[in-house]
2 protein chains.
Amino acid sequence: MVLQRLFHDGPTSRADLARATGLTRVTVSDLVTALLAEGLVAELGPSQTGRVGKPATLVGLRTREHQVLAVDLTDDLALHGAVLDLEGEIVARRSAPSAGRTGDAAVDAVADLCRELVDAATRPVLGVGVASPGVVDEQGVVLQAPNRGWVDLPLAALLNAQLDLPVHVANDADAACLGELTYGGADGAGVLVLTVGQGVGAGIVVDGALVRGTGHAAGEIGHVTALDERDETDDAPLGRPQRCACGRTGCLETVLAVPALRRRVAEGDADALAAVGRRLGIVLAPVVSALNLAEVVLSGPPELLDGPLRLAARATLRSRTMPVISDALQLRMTALGEDGALRGAAVLVLSGQLGVT
Amino acid sequence: MVLQRLFHDGPTSRADLARATGLTRVTVSDLVTALLAEGLVAELGPSQTGRVGKPATLVGLRTREHQVLAVDLTDDLALHGAVLDLEGEIVARRSAPSAGRTGDAAVDAVADLCRELVDAATRPVLGVGVASPGVVDEQGVVLQAPNRGWVDLPLAALLNAQLDLPVHVANDADAACLGELTYGGADGAGVLVLTVGQGVGAGIVVDGALVRGTGHAAGEIGHVTALDERDETDDAPLGRPQRCACGRTGCLETVLAVPALRRRVAEGDADALAAVGRRLGIVLAPVVSALNLAEVVLSGPPELLDGPLRLAARATLRSRTMPVISDALQLRMTALGEDGALRGAAVLVLSGQLGVT
DNA sequence: AGAGATTGTAAGGATAGTTCACTAACAAAT
DNA sequence: ATTTGTTAGTGAACTATCCTTACAATCTCT
């Protein structure tokens, strides 16, 4: 709790920490003493507020003195990694080609990249966070990741054994959602982060906690039907529903994934982006209503998403939900650009090692 | 934890409790001793399993020796209350007319009904649970309940002051969901209970916890648009989208609420129920996918819901979600009949007073 | 009959919080 | 210059909630 406050509120006095956490000043003093000994926090001198009473000594998290490794496996062609400090600032980047490497070879490629990152780190490393596509459970076991050929692979345990560092693994959309929560200023009461890339995924946080679902497959919203046969006459710009890689027809992914969007833009189809936005709004309206979300955040190429598509989606969401719901809702682009999953992977470590979210 | 195990698994030995909770036998012994002194549990003699070692003495929750009061405010015309034992069995029922009583008068009516229930109880009463329509926060403050004219009314605190008993208040659909979870055998990993009556509401439990949402308005799914203008040609049986009480048009409630369903049945519209089911499936598909739900439970008149409507909804859900999602999903009627909210209100007390869920 | 397993309890200890009482350091009023 | 009231931080003693260790009681199996 103390680290959590220090992380979010910046330097704080022990007395203020006590008020914020509900613990007593005594307990907070003890905890801070322990954290000082660990080197995680430092005293920063007296606060300058000219109030009555003894001036407080500020205590601050040493965010620049510790680092975290993050790896993003979303891209099929390359592994992307970075070293970040606890502020979420990227200190160094490393990449490695990964085309064709699957199974155990892919695990080794990730481990190699991590070793490069360890060398690139300039401060003590708290741990490693990995954002992977596919279905990942709480223990960091990748239950399914078709593009890497992983099934029931204990990725966190394997990397931990190779690197001798704490390793945390999560789904890439879930990581992006955590990143948005911690570094993008999203509202923990209810956020859905929609990642639009080769595929479409979503990470959802409700009441402060990530939604996992029965089979750890929550957020798999890319394969909901978004386009019916009957729509071909109605939403003309979108044409006939397309066959999806999943074998079904008219999935959200067939109109919203980046390749589909690029094709339409290349074909000069001006209204298509707005039409996709309307479809997205129709799909999201029930989710937003059911969960009373505060925010829906879009993550992906802004030239495709942040325009007619987003505006149409927002208008559709407003018109298809009741005011109590839509008034509480914001639909915006991610504040983290392309690094959402990477920053989220770093948050996995902060959360796992320091209890900071 | 000990009460939780005893509640769900029935009589258990101290040693088995220790294994189930992860506590030591010593700690469990101490806790059981305290619970025995409180009268909440009782020793039931030695277990009859002929294994090696000293025979275990079974300890059981005294579920018939304690009672709980539950009040359901869903019905506009009458207040319905009951006394239940901890098994969820209804021991006595009481009702009171409430037509026209709003504001403070409505609160007094509820308190009067509770006093009747106190008199009807034959065992010590642990507390009072209230299921109310409208938006209710965690503290039992009714933020909005249009039909009673309540705004920011601290119902739990008011009743507690009048009755001198612990009082817990929750939204009626949320209560129905908790009831289904505890007494209906629903899967805590992900359930949505859809209550169909004068209006349409939903209670959602994900990863074991009730979803509340930003403005405590989660589950307000009755006013999502389910019928567009363009649908008038497509889903002919439903006709043109109707104006809704909320001021918008084509809300799910305009086709799925009980009055709308009865009208269609009375008009002899054979295909209408299936058409409504299809609309429901379309609305639920994104929610089910996003949350990877294990169950969707329908609560309401079975003669309307448990037939073509449910089957069509199930088929539509299957066809519009990917197999990973739909294979994990079950769509069924409630196991609790009309008493879902009432049993759920009782669960509020068990949860609040004993920590049992 | 003895060995081994299992249940439940007694005694004592570790941990993480609390309350109470104190000193230190300041602002504002006298 | 002094007093008063407020706030910050710490030491000591206490409490709740776990734990470990040790042991008696009672069973099955050989």
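Naming convention: chains lettered A, B, ... in sequence-line order (proteins, then strands); numbering from 1 in each chain.
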*Asks:* Taking everything shown except B:Asp119 itself, do over 12 heavy atoms lie less than 6.0 Å from its CG?
*Replies:*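 Yes.
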*Asks:* Tell me whether B:Asp152 at atom CG has more than 12 heavy atoms from other residues, nucleotides or ligands lying less than 6.0 Å away.
*Replies:*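 For B:Asp152, atom CG is crowded (more than 12 foreign heavy atoms under 6.0 Å).
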*Asks:* Of B:Leu348, B:Leu153, B:Val130, which is the lone residue that meets side chain to side chain contact (heavy atoms under 4.5 Å, CB included) with B:Val169?
*Replies:*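 Running side chain to side chain contact (heavy atoms under 4.5 Å, CB included) over B:Leu348, B:Leu153, B:Val130 with B:Val169 returns exactly one hit, B:Val130.
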*Asks:* Look at the side chain of A:Glu180 and the backbone N and O of A:Ala335, then say whether any donor-acceptor pair between them is shorter than 3.5 Å.
*Replies:*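 Yes, because the side chain of A:Glu180 sits within donor-acceptor range (under 3.5 Å) of the backbone of A:Ala335.
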*Asks:* Report the distance from atom CG of B:Asp30 to atom C1' of D:dT20, rounded to the nearest whole Å.
*Replies:*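 Taking atom C1' of D:dT20 as the reference, CG of B:Asp30 is at 13 Å.
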*Asks:* Can you check whether A:Ser29 has a side-chain N or O nearer than 4.0 Å to OP1 or OP2 of D:dG9?
*Replies:*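 So the side-chain polar atoms of A:Ser29 never come under 4.0 Å of the phosphate oxygens OP1 or OP2 of D:dG9.
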*Asks:* Say whether, by atom type as modelled, one donor and one acceptor occur between the side chain of B:Arg343 and the main chain of B:Gly88 under 3.5 angstrom.
*Replies:*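 Checked: pair present.
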*Asks:* Taking the side chain as every heavy atom from C-beta outward, state whether A:Leu117 and A:Val125 have any atom pair closer than 4.5 Å.
*Replies:*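 Counting from C-beta outward, A:Leu117 and A:Val125 never come under 4.5 Å.
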*Asks:* With respect to the phosphate group of D:dC19, does any side-chain polar atom (N or O) of B:Thr27 fall under 4.0 Å of OP1 or OP2?
*Replies:*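 The answer is yes; a side-chain N or O of B:Thr27 sits under 4.0 Å from OP1 or OP2.
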*Asks:* Any Lys/Arg nitrogen of B:Arg14 or B:Glu43 sitting under 4.0 Å from an Asp/Glu carboxylate oxygen of the other?
*Replies:*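 So B:Arg14 pairs with B:Glu43 through a salt bridge.
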*Asks:* Does anything in residues 56-63 of chain A reach DNA chain D, meaning a heavy atom under 4.0 Å, and if so which residues?
*Replies:*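 Heavy-atom cutoff 4.0 Å gives A:Ala56, A:Thr57.
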*Asks:* Mind running a 4.0 Å heavy-atom check of residues 9-26 of chain B against DNA chain D and sending the residues that fall below it, in number order?
*Replies:*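 DNA chain D contact set from residues 9-26 of chain B: B:Gly22, B:Leu23, B:Thr24, B:Val26.
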*Asks:* Please check this pair: side chain of B:Asp172 against backbone of B:Ala341, looking for a donor-acceptor N/O pair closer than 3.5 Å.
*Replies:*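 Between the backbone of B:Ala341 and the side chain of B:Asp172 there is no qualifying donor-acceptor contact (under 3.5 Å).
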*Asks:* Quick one: does B:Arg5's side chain have a donor or acceptor within less than 3.5 Å of a partner on B:Thr21's backbone?
*Replies:*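 A pair under 3.5 Å: no.
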*Asks:* Going 5' to 3' through nucleotides 24-30 of chain D, assign each nucleotide B (protein heavy atom under 4.0 Å from a base atom), S (under 4.0 Å only from sugar-phosphate atoms) or - (no protein heavy atom that close).
*Replies:* -BBBS--
*Asks:* Return the value, rounded to whole Å, for the distance between atom CG of B:Leu31 and atom P of D:dA16.
*Replies:*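 That distance rounds to 14 Å.
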*Asks:* Between D:dA8 atom C1' and A:Glu43 atom CD, what is the distance in whole Å?
*Replies:*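 Taking CD of A:Glu43 and C1' of D:dA8, I get 12 Å after rounding.
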*Asks:* Side chains of B:Thr63 and B:Glu87: donor-acceptor distance under 3.5 Å anywhere?
*Replies:*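 Their side chains do contain a donor-acceptor pair, which is all the 3.5 Å distance test asks for.
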*Asks:* Of A:Val142, A:Asn160, A:Val136, A:Val141, which is the lone residue that meets side chain to side chain contact (heavy atoms under 4.5 Å, CB included) with A:Leu155?
*Replies:*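 In the set A:Val142, A:Asn160, A:Val136, A:Val141, the residue that makes a side chain to side chain contact (heavy atoms under 4.5 Å, CB included) with A:Leu155 is A:Val142.
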